Amino acid sequence: MPQYLSPSQNHRYLMDNMQQSLAFDGGAVKPWQNKLRRQLSKLVGVPDVERPAIKVRSIWKQEHELGTIEKISFTAEARSDILAYFCTPKDIKPPYPTMICLQGHSTGMHVSIARNQDDETKPFAVEGDRDFGLGAMRHGFAALCIEQRSFGERKEKTQKAISSHGCQDATMQALMLGRTLVGERVFDVDRGIDYLETRGDIDMKRVGVMGNSGGGTVTIYSAALLKRIQFAMPSCAFCTYRDSIMSIYHCADNYIPGILQYAEAADVMGLFAPKPLVVVAGKTDAIFPIKGVRKSFADLKKIYEAAGASENLKLAVGSEGHRFYEDIGWNALLKLLDR
């Protein structure tokens, strides 16, 4: 008789025999989206709190060869402020189409503008096309590059003992409060949109979100839950849960309690249909394997087809691993937006 002693053996068995109760069944898209979105909002635990005044503060403003970059802070919720760079492209007149840019597990938002973390006047070479803010400017878009909770300048600083993995403590504490760290990060994206609305120079009908890895994850859930987002480009984050975060050790901030009872990743991303969506993936990405990406994308395509919007969906696969691919990603997105 075989012995099953590893917890993952039991978990894989449960996954193999679990039917997601709110998975897309091929029926009408809108009613299905409404049901799943309500349930997903509960699971993700996006903060349902009174929104204080934005209280924008300018920290510095610099000219760049691609335009202008301003470092700002504004209020998310009580005792939680957001740091961000707002970038405007050179020789483009407002109102600006705008991309909200989210870094993943890295040293922070400074990567989005290719500036040194300790001295933001000094440029540095960014690997894997992760200079999202500059990439947006190169393509004629403004960019709001948000520092996500637990990353960069928003990492834990006051708790006496913290885990070596920067997201662990915040994730566990959020769970105790009926939230998730993903939900709090989605809330920050929503507050970022609130900030954009105060500016007066943004085309609010052309606001999108993008990010790689952990930034791609928040891109997915933001697109699924925030109706003001009009286009999205998650990178190296979209894959079946089974083949990605349920198959390897991964940071706790990727996990949504109970979600596999209701939906797989394609269903979550399907909440964004029929809006323009480019899924970026790496051919040799070991964290989000391409086989699982293609399986999930095929399921997602069925939802877009049912919504009459298959032309608004594109999979862009880069030749390497876990990184962003600016040329193929932006080229695909611009074609969808031009349409």
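Just so it is clear, the model here is predicted, and its values are computed rather than measured.
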Novice: Between Asp169 and Gln159, do the side chains contain a donor N or O and an acceptor N or O under 3.5 Å apart?
Specialist: yes
Novice: Would you check, one step at a time, whether the test side chain to side chain contact (heavy atoms under 4.5 Å, CB included) holds for Arg51 with Phe187?
Specialist: CA-CA 10 Å; Arg51 300 187 178 204; Phe187 182 78; 3.9 Å; yes
Novice: Tell me the closest heavy-atom pair linking Cys145 and Cys87, and the distance in Å.
Specialist: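 Closest approach of Cys145 to Cys87: SG-SG, 4.3 Å.
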Novice: Say whether Thr68 and Glu63, considering side chains only, have a donor N or O and an acceptor N or O under 3.5 Å apart.
Specialist: yes
Novice: State plainly whether the residues Glu197 and Arg228 are in salt-bridge range, i.e. N to O under 4.0 Å.
Specialist: yes
Novice: Can you label the angle between the His250 ring and the His105 ring as parallel, tilted or perpendicular, going by 30° and 60°?
Specialist: perpendicular
Novice: Of all heavy-atom pairs between Ile303 and Ala266, which one has the smallest distance, and what is that distance?
Specialist: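 Answer, listing the atom of Ile303 first, then Ala266: CD1-O, 3.5 Å.
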Novice: Could you work out, with side chain to side chain donor-acceptor pair (under 3.5 Å) as the rule, every residue matching Thr240, not counting sequence neighbours?
Specialist: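 Scan of Thr240 (side chain to side chain donor-acceptor pair (under 3.5 Å), adjacent residues dropped) gives Asp243.
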Novice: Evaluate the criterion side chain to side chain contact (heavy atoms under 4.5 Å, CB included) for residue pair Val278 and Leu336; output intermediate values, then yes/no.
Specialist: CA-CA 9 Å; Val278 174; Leu336 296 187; 3.8 Å; yes
Novice: Would you kindly confirm whether Leu181 and Val189 end up in one hydrophobic cluster when ILVMFWY residues are joined by side chain heavy atoms under 4.5 Å apart?
Specialist: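 Each belongs to a different hydrophobic cluster.
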Novice: Give the table of side-chain donor-acceptor pairs shorter than 3.5 Å for residues 21-31, with sequence neighbours excluded, one pair per line with atom names and distance.
Specialist:
unit_1, atom_1, unit_2, atom_2, d
Ser21, OG, Gln261, O, 3.4
Asp25, OD1, Gly27, N, 3.0

Novice: Can a donor-acceptor pair be found between the side chains of Tyr195 and Arg199 at a distance below 3.5 Å?
Specialist: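 There is such a pair between these side chains.
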Novice: Just by distance, no angles: are the side chains of Trp60 and Glu70 close enough, under 3.5 Å, to form a donor-acceptor pair?
Specialist: no
Novice: Taking atom types as modelled, is there a side-chain donor on Asp253 or Thr171 under 3.5 Å from an acceptor on the other?
Specialist: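 Side-chain D/A pair, Asp253 to Thr171: absent.
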Novice: Taking all heavy atoms of Glu147 and all of Gly108, pick out the closest pair and write down the distance.
Specialist: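 In this case the closest contact between Glu147 and Gly108 is OE1-CA, 3.2 Å.
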Novice: Do Arg115 and Gln62 pair up side chain to side chain, a donor and an acceptor below 3.5 Å, judged on atom types alone?
Specialist: yes
Novice: Go through the side-chain N and O atoms of Glu120 and Tyr85 and say whether any donor and acceptor fall under 3.5 Å apart.
Specialist: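 There is such a pair between these side chains.
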Novice: Can Phe86 be reached from Met99 by stepping across I, L, V, M, F, W or Y side chains whose heavy atoms are under 4.5 Å apart?
Specialist: no
Novice: Is there a chain of hydrophobic side chains (I, L, V, M, F, W, Y, each step under 4.5 Å between heavy atoms) that links Phe288 to Met246?
Specialist: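 Yes, Phe288 connects to Met246 through the hydrophobic network.
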Novice: Could you go through Asp299 and Lys295, starting from their C-alpha distance and side-chain angles, then the distance that decides it, and tell me whether this counts as salt bridge (charged side-chain N to carboxylate O under 4.0 Å, His left out)?
Specialist: CA-CA 7 Å; Asp299 292 338; Lys295 167 64 169 66; 2.7 Å; yes
Novice: Compute whether any side-chain donor of one residue and acceptor of the other, for Glu264 and Ser296, lie under 3.5 angstrom apart.
Specialist: no
Novice: Cut-off 3.5 Å, no hydrogens considered: what does the side-chain donor-acceptor table look like for residues 75-82, sequence neighbours left out?
Specialist:
unit_1, atom_1, unit_2, atom_2, d
Thr75, OG1, Ile54, O, 3.1
Glu77, OE1, Arg179, NH2, 2.9
Glu77, OE2, Arg149, NH1, 3.2
Glu77, OE2, Arg149, NH2, 3.0
Glu77, OE2, Arg179, NH1, 3.0
Ser80, OG, Arg154, NH2, 3.3

Novice: Please assess Trp330 against Phe141 for the test ring-ring contact (aromatic ring centres under 6.0 Å, His included), listing each intermediate value before the final yes or no.
Specialist: CA-CA 11 Å; Trp330 271 100; Phe141 283 62; 5.0 Å; yes
